[in-house]
Amino acid sequence: MERTHVNGQLRIADVGKKVTLIGWVAKRRNLGSLVFIDLRDRTGITQILFDETLTEAVRNVRNEYILQVTGTVLERQSKNPNMDTGDIEIKVQEVKIINSASQTPFIIADETDALEETRLKYRYLDLRRPVLQQKLFTRAKIVKAMHEYLDANGFIEVETPILAKSTPEGARDYLVPSRIHPGSFYALPQSPQQFKQLLMVAGFERYYQIARCFRDEDLRADRQLDFTQLDIETSFMSQDDILTMTEGMLAKVMKDVKGIDIKLPFRRFKYTEAMNRFGSDKPDTRFGLELKDVTEVFRNSEFRAFETGLSERGSIKALVVDNAADYSRKDIDSLTDLAKKNGAKGLVTIKYLNEQLEGSAVKFFNEIEKEDLIKTLDLKENQLVLIVSDSWEKACSVLGTLRSHLGRSLGLYDKNTYDFLWVVEFPLVEYSKEDERYYSVHHPFTRPYDEDLHLLDSDPSKVRSYAYDVVLNGYELGGGSLRIYDCDMQQKMFELLSLTKEEIETRFGFFIDALKYGTPPHGGLALGLDRVAMILTGSESLRDVIAFPKNANAKCPMSDAPTPVDEKQLKELHIKIVTD
RNA sequence: GGUCCAGUGGUGUAGUGGUUAACAUGCCUCCCUGUCACGGAGGAGAUCGCGAGUUCGAUCCUCGUCUGGACCGCCA
């Protein structure tokens, strides 16, 4: 369909040109024998003007009608500095109504009045809003920068199957019944992990894919059922090589998308350091407020609340906040609630006022402990101390949650800062008391540190691994690892994770087999593309950067999926629905 | 699986144990030549999510249910 320009294009230099535009009616302002219409397309808005000779032609035109207009570019009598095209308008000579539109359930504009529920139900209208279009444009730019960088660095994009084999380790699988093989199921991939490793066995050396992944778990504002990751795998690269390569790519993304030069290399924190200082394995380092360790201060304390922290794998951690006087009983209760919600048994709070420690716990401290606490925390007048005593990990993570909460509520950081970092040296496995077995911290293909191998039998939870996470502003953007490339070691890993010989054979037999035929040392990582897009567009929710997202209840608000299916379909799939 | 919050014209909100449920915006009609969230006048539009209970009387209180949201569990 014919148009000479798009709606975000024309400027004062174009005055006098005869142009044809097409677009949606964003707004109509009728002044009697003069009608203004804001004509919108994905590039922007241009004001078009109808004088008394044409007002009748647009008399019935309403919002979201599509018009094709031909006219002359004029300099406006009164300009609008808030619009890119605000210096000009089009005096229309011909108008054609290309399509009409029913009244939309909400206003198609950046500032809309509808709730997200309504917006998602009419997502195709929601996506007409310029803000949302910009977010998807930004997302596309991110992907383009990644493609360019990886292509320039010798990576080849390979597609891996969506219908794959179920490996019920980790998240719940989405299952797809097989019509041809009654009673058997495909699984949708939680990630292309094994396929990409097999591509390394095959000798591709540098693979990537914009891969769709599926996990049948409950959703969150930053979690969807199906999501997209940039999946990367390389051979013959060290951990350092991979981190440096990834940094280069993210630097290009930041430059191309945001025009920001970020500092390389990223800071690197060992897992234990990140936990000790920030109480998180994905710390937000845009602000300080670091955790302190006060275990030794209370080493001989009889205070019952500190018992767990003083036991073998326990710690007592503290967080010091300024302006204690600002905190009412209610504020402190809400911090305590937050701590408990995150698994703490309680939160000890102490105010330092008039050079005295104040708080209900203080009576359990002796003079030496009081002095030592003030000295260790370097307490200043009017500070508030939050203390959690628990296992080391729990004490850290609870205070880490409080730290994030306070960082946000006290406005301790600048929203336009992008602070990238790596967390490295993750433990290989962690022990689950309920299940009485070890679980991989990353995944079962992760390579343990060579110098820790002797601990693999005696104390597996002390073994470190070549796993790494890239973190931005408190969000885990992605992670990866060097992989095991020795089939005996891989076998041993599965055994450590309490898989039986039969389970190993049926689930991973083909994979272990593959490792026998000259597997190169390899490793890679995966970046959550949706999350990257969410952060770079400043969005609150993942749903803003996904064209057609599911809601919190795992439904598509537009199509209502998932829905029941025909008896006939079920029969073909050999499936009977049983409700209890 | 759990905790908490919300459901009132198309949309977003206010509100009250008692006559006609309020406001904004959108919509419709009319007026208007410099608007840009145009302005002005008038108008239509709601069984207050659903069911049960308490009550003389429920949109309001109670219970249940459905829908949506945030979080915990879960997410190798």
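In what follows, every chain begins at residue 1, and chains take the letters A, B, ... in the order their sequences are listed. None of these values were measured; they are calculated from a predicted model.
Summarising the base pairing, G68(B) is matched to C5(B) through a Watson-Crick or G-U wobble pair whose two defining distances lie under 3.5 Å. Under the Watson-Crick and G-U wobble criteria, each requiring two contacts below 3.5 Å, nucleotide A44(B) is left unpaired. In a base pair of the Watson-Crick type (N1 to N3 plus N6-O4 or O6-N4) or a G-U wobble (N1-O2 and O6-N3), with each distance short of 3.5 Å, A14(B) is matched with no nucleotide. If you check A21(B) for Watson-Crick or wobble pairing at under 3.5 angstrom, you find it has no partner at all. With a cut-off of 3.5 Å on both pairing distances, the Watson-Crick or G-U wobble partner of C61(B) is G53(B).
Here, C74(B) and G18(B) have their C1' atoms 50 Å apart, quoted to the whole Å. G7(B) and A14(B) have their P atoms separated by 7 Å, given to the nearest Å. Between U62(B) and A70(B), the distance separating the two P atoms is 26 Å to the nearest Å. Across the C1' atoms, G45(B) and A21(B) are found 14 Å apart, a figure rounded to whole Å. Rounded to whole Å, the C1' atom of A58(B) lies 11 Å from the corresponding atom of C48(B).
Among the atoms of the strands shown, none is found under 4.0 Å from any heavy atom of K340(A). Residue L497(A) is classed as having no contact, given no heavy-atom separation below 4.0 Å to the nucleic acid. Residue-level contact check: S33(A) touches the bases, meaning some heavy atom is under 4.0 Å from a base atom. Contact annotation for P105(A): backbone-only contact, meaning every heavy-atom pair under 4.0 Å involves sugar-phosphate atoms and none involves a base. Base contact: E89(A) has a heavy atom under 4.0 Å from a base atom. Nucleic acid contact for R59(A): sugar-phosphate only, since backbone atoms but no base atoms lie under 4.0 Å from a heavy atom of the residue. Looking at heavy-atom distances under 4.0 Å, A221(A) makes contact with sugar-phosphate atoms alone, never a base. The residue V35(A) sits apart from the nucleic acid: no heavy atom pair falls under 4.0 Å.
Straight-line distance from the CD atom of E217(A) to the P atom of C72(B): 14 Å, rounded to whole Å. For D173(A) and C74(B), the CG to P distance is 18 Å, given to the nearest whole Å. Distance, L402(A) CG to C72(B) P: 13 Å, rounded to whole Å. Between the C1' atom of C75(B) and the CG atom of D218(A) lies a distance of 9 Å, rounded to the nearest Å. Rounded to whole Å, atom P of C72(B) lies 9 Å from atom CG of L338(A). Per the geometry, NZ belonging to K341(A) stands 7 Å off C1' belonging to C72(B), to the nearest Å. U35(B) atom P lies 18 Å from atom CD1 of I48(A), rounded to whole Å. Between H443(A) atom NE2 and C75(B) atom P there is a gap of 15 Å when expressed in whole angstrom units.
Electrostatic pairing of K345(A) and D390(A) counts as a salt bridge here, judged by a charged N lying under 4.0 Å from a carboxylate O. Comment: D337(A) does not engage K340(A) in a salt bridge, judged by the lack of any side-chain N to carboxylate O separation of less than 4.0 angstrom. Looking at R11(A) and D14(A), no side-chain N of the basic residue comes within less than 4.0 Å of a carboxylate O on the acidic one, giving no salt bridge. A salt bridge is absent between R223(A) and E217(A); no separation between the charged side-chain nitrogens and carboxylate oxygens falls under 4.0 Å. Between D459(A) and R313(A) there is a salt bridge, since a side-chain N of the basic residue sits under 4.0 Å from a carboxylate O of the acidic one.
Phosphate proximity of G1(B) to R172(A): absent, as no side-chain N or O sits under 4.0 Å from OP1 or OP2. For U11(B), the OP1/OP2 oxygens have no side-chain nitrogen or oxygen of R119(A) closer than 4.0 Å. Put simply, R29(A) has no side-chain N or O that comes within less than 4.0 Å of OP1 or OP2 on U35(B).
Counting atom types as modelled, R223(A) pairs a side-chain N or O with a base atom of C74(B) as donor and acceptor under 3.5 Å. Scanning atom types as modelled, no donor and acceptor separated by under 3.5 angstrom connect the side chain of R543(A) and the base of G69(B). Donor-acceptor pairing under 3.5 Å, judged by distance alone, is present between the side chain of R76(A) and the base of C36(B).
Taking the centre of each ring, F278(A) and F269(A) come in below the 6.0 Å mark.
Counting heavy atoms of neighbouring residues, nucleotides and ligands inside a 6.0 Å radius, atom CZ of R29(A) exceeds 12 of them. Enclosure of atom NZ in K18(A) is not indicated, since only 12 or fewer non-hydrogen atoms of other residues, nucleotides or ligands lie within 6.0 angstrom. Heavy-atom contacts from other residues, nucleotides or ligands closer than 6.0 Å to NZ of K91(A) number 12 or fewer. For F185(A), the CZ atom is densely surrounded, since the number of other residues' heavy atoms within 6.0 Å is greater than 12.
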Show me the protein contacts with nucleotides 66-68 of chain B, counting only N or O atoms at under 3.5 Å.
from, atom 1, to, atom 2, distance (Å)
G68(B), OP1, N551(A), ND2, 3.1
G68(B), OP2, N553(A), ND2, 2.8

Distances for protein N or O near nucleotides 25-28 of chain B N or O, under 3.5 Å:
from, atom 1, to, atom 2, distance (Å)
G26(B), O2', Q103(A), NE2, 3.1
C28(B), OP1, R62(A), NE, 2.3

Below 3.5 Å, can you tabulate the donor-acceptor pairs from side chains in residues 487-494 of chain A to any protein atom, sequence neighbours excluded?
from, atom 1, to, atom 2, distance (Å)
Q490(A), NE2, P444(A), O, 2.9
K492(A), NZ, D457(A), OD1, 3.1

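Side-chain atoms of D38(A) lie closest to C36(B) of the nucleotides C36(B), C75(B), G1(B).
Using a 4.5 Å heavy-atom threshold, the side chains of V423(A) and K282(A) count as separate.
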